[in-house]
Amino acid sequence: MFFVTTAIDYTNGSPHIGHAYEKVLADVITRYHRLTGEETYFLTGVDQHGQKVQQTAEKEGISPAEYVKTVTTRFSALWEKIGVHYDGWAETTDPRHIRCVQAILSDLYAQGQIYKKTYKGFYSVRQEQFLTDRDRDETGNFGPEWGEVTEIEEENYYFKLSDHTPWLRDFLETSEDTILPGFRKSELINALEKNTGADLCISRPKERLTWGIELPFDPDFVTYVWFDALINYISFIGYAPDSSLPNFKTIWTGRPVHIIGKDILVPAHGIYWLAMLKALDFADNQMPQLLVHGWWNRSGEKMSKSLGNIVDPVELADTFGVDALRYYLVRDIHTGKDSNFDVERLVMLFNTELANELGNLCNRALNMSVRFTAGIISPGGVLTKDDTALQQSLIDCTAAYRKAMDNHEISMGLEALNRHVVHCNQYAERMKPWEINKNPENKDRLATVLHHLAESVAHCAVLLSPVLPDAAAKLAAQLKLPQLSELKLDDLTWGLIPNGHEIEKPSPVFPRIEVKAEI
RNA sequence: CGCGGGAUGGAGAAGUCAGGUAUCUCGUCAGGCUCAUAACCUGAAGAUCGUAGGUUCAAAUCCUGCUCCCGCAACCA
C-alpha cells in the first residue's frame, strides 16, 4: 500500500496558495502511484486545537468549536474545487482521534516514557513555550520577538525524547531516503546535535489552554499541540481500532510518505514524530519518508499576511481554471525548492504547453482524421524510419516520465511528456499529412501518419492524468476512448487505438487564456 | 566564527553529490507551413555559469577566501 499524507493545515486562517500546492502535490503523487497499479491511500485534514485558535475564537466571540468548523469548511471546499481527492480526512477534534491520542498517552505513561516534573523558568505566552538561555539576545535579555515573558514555576509532563535521540541520529545518518530531498538532512542532523539531552514538554496546564486534548492521567492538563497533531497520521487509519476507520495494518504496510513544508521538518517531524514512532515500537523499515517541499515566494520574499502578498487559490481557480492552477503548481517548481509565484508564468505555461502544444496537437490530429479519413483511424501501411522514431520517442519519454515521477519530480515528468508532444508536432510538420491527402494513392501512408499522432495523444492523455485528471478524461472522450482512464502505466504499449476506430470532430480541450487579469 | 538555501544568455529554471563540447521554457530577430486553439515548424543572435585564487590534461561542477540575496520572531505550506 502506498500511503501518503500531507501536513494537516492549522485552522486559524484561510487557505493560501502554499496550502493548495502541498495538497495538489500530494494528490498528483497519489494519482501517479495509482496509475502504476499500486494500491494507494491519501490522508489529509486540518489541525484544529491550540492556543491561537482559542484566542481567535474568543476575539470573534464564538466558541473554538464553531470557529474551527467554519475554517475547516473553507479548506475542504477548496480541495473539492481543485480536484484534491483524499481517502481519509483528519480533524483533530474528531472523538476517534482524541481517543487514539489518549490511548497513546496512557500507554507511554504506563511505560514510563512520560513523566512529570516541576520546571521553573521564563515563559513566553506568545510562543507557548519556556525559554532557555539560548533564547536570550546579545544583551542577555529576551527580545521582543517573544512577546511578554514571565518567570513561572509549574509542573508539567515530559516525553523522554532523549531516550530516542541516539537512535534517531544513527538512523538518519545511515538512511539515504528518509529525508527527501537529501540536502535537508544536514539541517536536521545539526538540530539534533543541539537537542541532545532535552526532553519534550507535552502538556499545558488548563489555566492557560483549554482547547486541546485532556491528558488521560491528569485532567488538569491538555496535550501539547504537536503530540496531538502528529498522531493524526496514525489515528485516522485506525491505529486504535475503530469500525469506522480503515485497518491500520493494511494501510501502514511499508514506509509512508509524509509531505510537509520545510518549516515543520525541524523539529516537529524530523525529531518529535520519528522519536514518537520509535517510542511506539515502530521498526526502522516502518519509519515514514519525509518529502519536504519548498515555498512559493513573491518577488523573492516569503509570502505572509503581514506583507500582504498572500495569493488566494480560490480566486486563481475562478479566474484561470483548475487545470491552469494545478498544472502551474507542480510544473513551475522543483520539488523541495522554492519558487516565485508569478501569474504571468501560470498563464504562459498553460498557453504554451497545454493549449499550443498538447491541446493543439490533439485538435489538429483529430481534425485531420475527420477531414481526410472520415474520422476512421487505422494503422495504414508500412512503417518508415520517421514512424519508428516517433514510437521510440514515446518509449523514451514515457521512461523519463516514470523515472521523474518515481522521484516525486513532477516538473521533470511533465517536461518529459512535453518532449514527446513536441516530437509529434515536428513529425506532423515533416510528414505533412495535408499534402499526402492530396494524392488518393497514398491513403495507406496518410492513415499511418494520422494513426501515429492519435495514438500519441492517447498515451499523453494517460500520462497527464495524475496532474490533470479532468483534462485527461476530456482528451480520452475526444478520442472516443473513455477506457483510457482505466489503464495502468504498464498497459501503455503501442496500439491503444483499435483498428478502424472512429472519432468525431474535436474541440479545444485547453482554450487559450486570453484575459490579462490582475491578481 | 550561529544554521541552512541560493547567485547560470533579457526573464525563469535544469545541470553541481558521481569534473569532459553550456541544456530547457519564455522573450527578441529572420524564415517556412496552412491540418490546427493568430496555433505549428526551421534557423539566428545572446552566458568568459556572483567574485578572487587553487587542484587537474580538463572546473558551472572539486578545494579555499570574499561579496550579495533569501529563510531561520509573529501570520505561515
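Convention: sequence-line order gives letters A, B, ...; per-chain numbering from 1.
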With a cut-off of 3.5 Å and sequence neighbours excluded, list every side-chain donor-acceptor pair involving residues 368-376 of chain A.
{"unit_1": "A:Ser369", "atom_1": "OG", "unit_2": "A:Ala365", "atom_2": "O", "d": "3.2"}
{"unit_1": "A:Thr373", "atom_1": "OG1", "unit_2": "A:Ser369", "atom_2": "O", "d": "2.9"}
{"unit_1": "A:Thr373", "atom_1": "OG1", "unit_2": "A:Ile376", "atom_2": "O", "d": "2.8"}

Listing time: all N or O pairs from protein to nucleotides 16-18 of chain B that are below 3.5 Å?
none

Close N/O contacts between protein and nucleotides 61-65 of chain B (under 3.5 Å):
none

Mind listing the N/O atom pairs, protein and nucleotides 40-43 of chain B, below 3.5 Å?
{"unit_1": "B:C40", "atom_1": "O2'", "unit_2": "A:Arg364", "atom_2": "NH1", "d": "3.1"}
{"unit_1": "B:C40", "atom_1": "O2'", "unit_2": "A:Glu429", "atom_2": "OE1", "d": "3.0"}
{"unit_1": "B:U42", "atom_1": "OP1", "unit_2": "A:Gln426", "atom_2": "NE2", "d": "2.9"}

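In terms of phosphate contacts, A:Lys52 brings a side-chain nitrogen or oxygen within less than 4.0 Å of OP1 or OP2 of B:C75. Between A:Arg371 and B:A36 there is a side-chain N or O to OP1 or OP2 distance below 4.0 Å. Contact annotation: A:Lys302 side-chain N/O to B:C72 OP1/OP2 distance is under 4.0 Å. Of the side-chain N and O atoms in A:Asn297, none sit less than 4.0 angstrom from OP1 or OP2 of B:G71. Here A:His19 reaches the OP1 or OP2 of B:A77: one of its side-chain N or O atoms lies under 4.0 Å away.
Paired runs in RNA chain B that reach 3 or more consecutive Watson-Crick or G-U pairs, where each pair keeps both distances under 3.5 Å, cover B:2-7 with B:67-72, B:10-13 with B:23-26, B:28-32 with B:40-44, B:50-54 with B:62-66.
Every residue two or more places apart in sequence or in another chain was checked for a ring pair (Phe, Tyr, Trp, His ring centres under 6.0 Å) with A:His420, and none qualifies. A:Lys262 is linked by a salt bridge (charged side-chain N to carboxylate O under 4.0 Å, His left out) to A:Asp338, counting only residues two or more places apart in sequence or in another chain. Every residue two or more places apart in sequence or in another chain that forms a side chain to side chain contact (heavy atoms under 4.5 Å, CB included) with A:Thr448 is listed here: A:Leu383, A:Asp387, A:Arg445, A:His452. In this structure A:Val4 satisfies the side chain to side chain contact (heavy atoms under 4.5 Å, CB included) test together with A:Phe2, A:Thr30, A:Phe42, A:Val257, A:Ile259, sequence neighbours excluded.
Sorted by first and then second residue, the salt bridge (charged side-chain N to carboxylate O under 4.0 Å, His left out) pairs with a member in residues 346-361 of chain A read A:Arg331-A:Glu353; sequence neighbours excluded. A salt bridge (charged side-chain N to carboxylate O under 4.0 Å, His left out) check over residues 412-434 of chain A, counting only residues at least two apart or in different chains, returns the pairs A:Arg364-A:Glu429, A:Asp386-A:Arg430.
Heavy-atom distances under 4.0 Å link RNA chain B to A:Met412 of residues 396-419 of chain A, given in residue order.
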